[in-house]
Amino acid sequence: MAYRLSAASLAHAIKHLCKYGDTDVFPHLPELNFLREQETEVIKELRDLDLDTYSPGGAFEALGPKSRYGFRIVHQLPIHDTIMLLAAVIEIGDLIEAHRPAASGIEAFSYRFAPDGKGGLYRMDRAYKNWLKTQVALVQGNLKLKNVIVTDISDFYARINFHRLENLLDEAAPNHGAARYIKKHIKVIRAKQSFGLPVGGSAARLLAELALTDTDRALQQDGRLATRFVDDFRIFLRPDENPYDALAFIAEQLGINEGLSLNVSKTTVYSRAESHSSPHFGIREQSAEGSCL
């Protein structure tokens, strides 16, 4: 069995890397200048590779700052492996997107796959600032809301269970060569560990979204009014809803099904009044133009 990436996916991956860089934690690789000048030749070389027999390399790992006193492990891949991993994700991006909750809702807000042919991969109206504005509109437009839970997942990227991700890739893109390559490549990057995605590159973002698909659906099916941006959750509660019950529900879903846990130090319950002024919640008074100040 042989699988080769399409020229279109490779071209889009290269355009994305040249426009946004190969990582958001390290200085960008100098090879990006070569890609800009030799895009056609690079595509010709890479599209002939059989990804079922090709052996990707590992990743450079380093300790990077996460907050003033916090750290995380971050990664940078060789440029050719960066291209191929991103192109493989692009190949099945539509299938992953179709497997997620509908983009018309706000449950899974972040990184909605919508390539524009110019290097962009995600909807421009689903950035973090748009998420904050959506929360403002939701709270202001629903006077029945009493409390808002703010929480996130502890060490999300580093703790994603690889076997769960394998199963989700098989569900979203069954028997697809790009999915096979993604699984093989992540195994190499993470070496002998059975959890974690490479931190810092674009390819992992959509895979991380796929990893929380079941959690998004569980919140929907339980009737929770909730929204998520990557690993940050906001759960909006009516007067008859108990914050403890809501937190217990999501903690159980993440713990039992995903092997993930909530970050206790970043979990807070705000009243409706507090949410309007809390910097943690992200709501501010709005100017006449409607942008957050």
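The model shown is predicted, which means the values in this text are computed figures rather than measured ones.
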task: Mark yes or no for whether R234, through its side chain, and I149, through its backbone, hold a donor-acceptor pair below 3.5 Å.
output: no
field: Results of salt bridge (charged side-chain N to carboxylate O under 4.0 Å, His left out) for D116 - residues two or more places apart only
entry: none
- prompt: Which residues satisfy the salt bridge (charged side-chain N to carboxylate O under 4.0 Å, His left out) test with D240, sequence neighbours excluded?
  reply: R238
task: Mind checking side chain to side chain donor-acceptor pair (under 3.5 Å) for R164 and listing every partner two or more places apart, or none if nothing turns up?
output: D214, E258
query: Among all residues two or more places apart in sequence or in another chain, which pass the side chain to side chain donor-acceptor pair (under 3.5 Å) test with D94?
result: none
- prompt: Salt-bridged, E97 to R100, with N to O below 4.0 Å?
  reply: yes
message: Whether R180 and E166 form a salt bridge (side-chain N of Lys/Arg under 4.0 Å from carboxylate O of Asp/Glu) is what I want to check.
response: no
- prompt: Donor-acceptor pair, H80 side chain versus L46 backbone, under 3.5 Å?
  reply: no
Name the atoms and distances for all side-chain donor-acceptor pairs under 3.5 Å in residues 141-148, with sequence neighbours left out.
unit_1, atom_1, unit_2, atom_2, d
N142, OD1, K144, N, 3.1
N147, ND2, Y270, O, 3.4

query: Do any pairs count as a side chain to side chain donor-acceptor pair (under 3.5 Å) and have a residue in residues 28-37, sequence neighbours left out, and if so which ones?
result: N33-R36
message: I'd like to know if the side chain of Q76 and the backbone of P27 have a donor-acceptor N/O pair within less than 3.5 Å.
response: yes
message: Checking the side chain of N263 only, and the main-chain atoms of S265 only, is there a donor and an acceptor separated by less than 3.5 Å?
response: yes
task: Look only at the side chain of D231 and the backbone of D152, and say whether a donor-acceptor pair between them is shorter than 3.5 Å.
output: no
field: Pairwise ring pair (Phe, Tyr, Trp, His ring centres under 6.0 Å) hits with a residue in residues 175-220, at least two apart
entry: Y3-H176, Y181-H185
Contacts of type salt bridge (charged side-chain N to carboxylate O under 4.0 Å, His left out), residue K183, not counting sequence neighbours: D170
task: Output all residues satisfying side chain to side chain donor-acceptor pair (under 3.5 Å) with H99, sequence neighbours left out; order by chain, then residue number.
output: E171
message: The criterion is salt bridge (charged side-chain N to carboxylate O under 4.0 Å, His left out); which residues satisfy it with E39, sequence neighbours excluded?
response: K15
Electrostatic pair D52:R4 at N-O distance under 4.0 angstrom: no
Under 3.5 Å donor-acceptor, S9 side chain and S6 backbone: no
message: Test of understanding: with side chain to side chain donor-acceptor pair (under 3.5 Å), list the residues that count as partners of E61, not counting sequence neighbours.
response: H75, R190
- request: Identify, with sequence neighbours excluded, every residue that meets side chain to side chain contact (heavy atoms under 4.5 Å, CB included) alongside R123.
  value: A103, R112, A114, D125, R126
